[in-house]
Novice: 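Submitted below is the structure of interest, expressed as C-alpha cells.
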Amino acid sequence: MTKEQMLADLDYASQLAKDGANTPLLGGSIGLMWGILLTLILGYQYLILAQKISFPPETLAIAWIAYGLIGGTGSAILGRRIDRMPGANSVNNRVETFVWIMFVGAIVTTAIGSILNMLLGQGDQTVWNTVLVFAFAGQGMAYGIVAKLAKEKILHLASFASFAFSAVVFMMIHDPVIYLIGSIGAVITIILPNLILGAQAKSVTAQHG
C-alpha cells in the first residue's frame with residue numbers, strides 16, 4: 001500500500017466520523033409502531049384461522065389492508081420527524097433506512113407472489129404461510145447487517161432470535177399456531193429491541209439538546 005493510499009484511507013475514515021457514523025440509530029419509533037401492528041394482526045389471524053373467534057375469514061383481507069395503510073402513514077409521519085433529528089444523515093441511519101426499505105420490498109414481492117399463486121388455484125393457505133417464514137428470515141438478515149455496522153448488541157440478539165422464529169414457523173408451516181408464534185416473535189424481535197433503541201436515541205439526543 002502506497003503512502004497516498006494510506007492517506008486516502010485515513011481521510012475516508014475521518015470523513016465517516018465527521019458524518020456521524022457512530023451516532024445512535026433513530027428508527028426505533030418506526031420499528032416499535034410496526035412491531036405493535038404486526039403483533040396485533042398476527043394474533044388476530046391466529047384467532048380467525050384457529051376458529052377461536054367467529055369473525056368471517058374475509059375480515060383478514062380488510063385487516064391486512066388497514067395494517068399497510070396505518071403502517072405506511074405512520075412511517076411517513078415518524079420519518080419526517082426523524083429527518084429533523086441530529087444524526088439523521090449519519091452513515092448508520094442512512095444504511096438502516098435503506099436496508100429496511102429493501103426488506104419491505106422483498107416481503108411485499110413474496111406476498112404478491114403468494115396471493116397470485118392462490119388466485120390461480122395452484123396453492124392453499126400453506127403458500128401464504130411461507131410469507132411469515134421469509135419475513136422472519138429477512139428480518140434476521142436486515143438486523144444482522146445493521147448490527148454489524150452500528151455495533152449494536154441488541155440487534156445481534158434480535159437477528160439470532162428472528163432466524164430462530166423463522167425455523168420454528170417453517171417447522172410448523174401447516175398449523176395455524178404459527179401466527180400465534182409469529183405474534184410472540186414480533187414482541188421479542190421487534191417491539192423489545194426498538195424500545196431499547198428508542199430509549200438510547202432519546203438519551204443521546206437529550207445530552208446534546
Side-chain angles (χ1 to χ4, degrees), residues 15-45 61-112 131-132 134-159 161-162 182-183 185-209:
Q15 187 59 47
L16 285 179
K18 291 177 181 178
D19 286 344
N22 295 318
T23 55
L25 298 173
L26 302 175
S29 58
I30 294 179
L32 179 61
M33 177 201 65
W34 281 108
I36 293 172
L37 290 175
L38 195 59
T39 298
L40 293 174
I41 196 167
L42 290 178
Y44 180 68
Q45 182 145 354
I62 299 174
W64 278 104
I65 292 172
Y67 164 83
L69 291 175
I70 294 171
T73 303
S75 291
I77 294 172
L78 293 173
R80 282 197 290 269
R81 190 185 71 168
I82 291 172
D83 287 342
R84 295 193 295 268
M85 296 174 66
N89 290 318
S90 69
V91 173
N92 289 354
N93 282 294
R94 286 182 300 190
V95 171
E96 181 191 34
T97 299
F98 188 73
V99 165
W100 286 111
I101 289 174
M102 293 300 99
F103 167 80
V104 170
I107 298 306
V108 169
T109 301
T110 304
I112 291 174
V131 176
L132 194 56
F134 285 112
F136 274 118
Q139 179 177 277
M141 183 177 68
Y143 273 142
I145 293 171
V146 178
K148 183 68 174 179
L149 177 68
K151 298 180 176 60
E152 281 287 355
K153 183 180 293 185
I154 186 62
L155 292 186
H156 281 295
L157 296 175
S159 176
S162 296
S183 182
V187 173
I188 295 174
T189 67
I190 306 177
I191 292 179
L192 294 181
N194 282 289
L195 279 173
I196 294 172
L197 291 176
Q200 291 176 350
K202 185 176 181 180
S203 175
V204 173
T205 302
Q207 291 175 8
H208 294 83

Novice: If you define the side chain from C-beta out and look only at heavy atoms, does anything of Met85 sit under 4.5 Å from Ile82?
Specialist: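 Side-chain contact under 4.5 Å: yes.
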Novice: Looking at every non-hydrogen atom in both residues, tell me the closest pair between Leu149 and Asn92 and how far apart they are.
Specialist: CG-OD1, 3.4 Å
Novice: Examine distances only and state if a side-chain atom of Asn89 and a backbone atom of Arg94 form a donor-acceptor pair shorter than 3.5 Å.
Specialist: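 Absent.
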Novice: Provide the closest heavy-atom pair for Gly35 versus Ala186 in the form atom of the first, atom of the second, distance.
Specialist: O-CB, 4.1 Å
Novice: Please give me the minimum heavy-atom distance between Gly27 and Asn194, naming the atom from each residue.
Specialist: O-OD1, 4.0 Å
Novice: Donor-acceptor pairs under 3.5 Å, side chain of residues 99-106 to any protein atom, not counting sequence neighbours: which ones?
Specialist:
none

Novice: Nearest 0.5 Å, what's the CD1-CD1 distance between Ile154 and Ile196?
Specialist: 3.5 Å
Novice: Pairs in or reaching into residues 30-44: which pass side chain to side chain donor-acceptor pair (under 3.5 Å), with residues at least two apart or in two chains?
Specialist: Trp34-Ser75, Tyr44-Thr59
Novice: List the atom of Thr189, the atom of Ala161, and the distance in Å for their closest heavy-atom pair.
Specialist: CG2-CB, 3.7 Å
Novice: In the structure I gave you, are the side-chain heavy atoms of Arg81 and Ile77 within less than 4.5 Å of one another anywhere?
Specialist: no
Novice: Rounded to the nearest 0.5 Å, how far does CD1 of Ile41 lie from OG of Ser183?
Specialist: 10.5 Å
Novice: What are the two closest non-hydrogen atoms of Val146 and Leu155, and how far apart are they?
Specialist: CG1-CD1, 3.7 Å
Novice: Can you name the residues that form a side-chain contact (heavy atoms from CB on, under 4.5 Å) with Ser159, not counting sequence neighbours?
Specialist: Tyr143, Phe163
Novice: Rounded at 0.5 Å granularity, tell me how far CG in Leu192 sits from CG in Leu157.
Specialist: 11.5 Å
Novice: Got a second to check how far Arg84's CZ is from Leu26's CG, nearest 0.5 Å?
Specialist: 13.0 Å
Novice: Enter the distance from Met33:CE to Thr73:OG1 here, rounded to the nearest 0.5 Å.
Specialist: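 With rounding to 0.5 Å, CE (Met33) is 9.0 Å from OG1 (Thr73).
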Novice: Taking atom CG of Leu37 and atom CG of Leu42, what is their separation to the nearest 0.5 Å?
Specialist: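 One finds 10.5 Å between CG of Leu37 and CG of Leu42.
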Novice: Is the shortest heavy-atom distance from the side chain of Gln139 to the side chain of Ile190 under 4.5 Å?
Specialist: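 Yes, close enough: below the 4.5 Å cut-off.
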